[in-house]
**Student:** 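This structure is in structure tokens; I'll ask about it shortly.
Please read all numbers here as calculations on a predicted model, not as lab measurements. When reading the values below, keep in mind they use all heavy atoms of this one structure, side chains included, and skip hydrogens, waters and symmetry mates.
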Amino acid sequence: SPVEVLGRYARRAEEVDDAIVEAYVKGVSTRGMSKVTEALMDAKVGRATTSRITRRLEDRVEELKTARIQDKIVYLY
């Protein structure tokens with residue numbers, strides 16, 4: 001059960017969040033994520049939770065897109 005995996009008062013392990021982000025990157029929809037989390041920890045994580053978790057990734061991508069490049073660039077593709 002999720003309680004055995006995560007502990008009595010834990011909501012989700014960081015590893016589960018990481019797995020959700022990885023599945024999202026690989027194309028699993030927020031709707032389909034409940035199947036992934038059910039397989040991982042025998043509990044479904046809803047679309048809103050998935051969106052909150054994956055928003056961290058989107059925020060990081062935006063940071064990278066807008067970051068200044070400090071080093072000399074030899075090749076840029």
Side-chain angles (χ1 to χ4, degrees):
S1 80
V3 172
E4 294 168 359
V5 174
L6 301 177
R8 185 171 186 91
Y9 298 103
R11 292 179 183 243
R12 284 183 319 278
E14 186 65 30
E15 292 84 7
V16 174
D17 284 5
D18 292 344
I20 289 171
V21 169
E22 186 172 340
Y24 176 77
V25 167
K26 291 182 177 179
V28 176
S29 68
T30 53
R31 179 172 294 177
M33 199 62 70
S34 64
K35 293 178 184 176
V36 172
T37 56
E38 187 171 27
L40 287 173
M41 58 184 220
D42 199 27
K44 293 182 179 183
V45 172
R47 288 183 291 173
T49 300
T50 300
S51 293
R52 258 192 320 278
I53 293 167
T54 56
R55 192 172 309 121
R56 293 186 322 203
L57 175 65
E58 293 166 359
D59 291 345
R60 181 67 182 128
V61 168
E62 190 58 35
E63 285 175 22
L64 289 171
K65 286 170 46 179
T66 58
R68 293 185 54 86
I69 299 173
Q70 302 295 329
D71 299 329
K72 185 176 180 180
I73 299 173
V74 179
Y75 298 97
L76 181 61
Y77 291 94

**Student:** Counting only heavy atoms not in Ile69, do more than 12 fall under 6.0 Å of its CD1?
**Tutor:** no

**Student:** To the nearest 0.5 Å, what is the distance between OH on Tyr24 and CZ on Arg55?
**Tutor:** 10.0 Å

**Student:** Search all heavy atoms of Ser29 against all heavy atoms of Gly32 and return the closest pair with its distance.
**Tutor:** OG-N, 2.9 Å

**Student:** If hydrophobic clusters are built by linking Ile, Leu, Val, Met, Phe, Trp and Tyr wherever their side-chain heavy atoms come under 4.5 Å apart, do Val25 and Ile53 end up in the same one?
**Tutor:** yes

**Student:** Measuring from Glu58:CD to Ser51:OG, what's the distance to the nearest 0.5 Å?
**Tutor:** 8.0 Å

**Student:** Is it true that Lys65 and Glu62 make a salt bridge, defined as a side-chain N closer than 4.0 Å to a carboxylate O?
**Tutor:** yes

**Student:** Once rounded to the nearest 0.5 Å, what's the spacing between atom CG of Asp18 and atom CG of Leu57?
**Tutor:** 10.5 Å

**Student:** State whether a side-chain donor-acceptor pair under 3.5 Å links Arg47 with Thr50.
**Tutor:** no

**Student:** For a 4.5 angstrom cut-off between non-hydrogen side-chain atoms, does Val28 reach Glu22?
**Tutor:** no

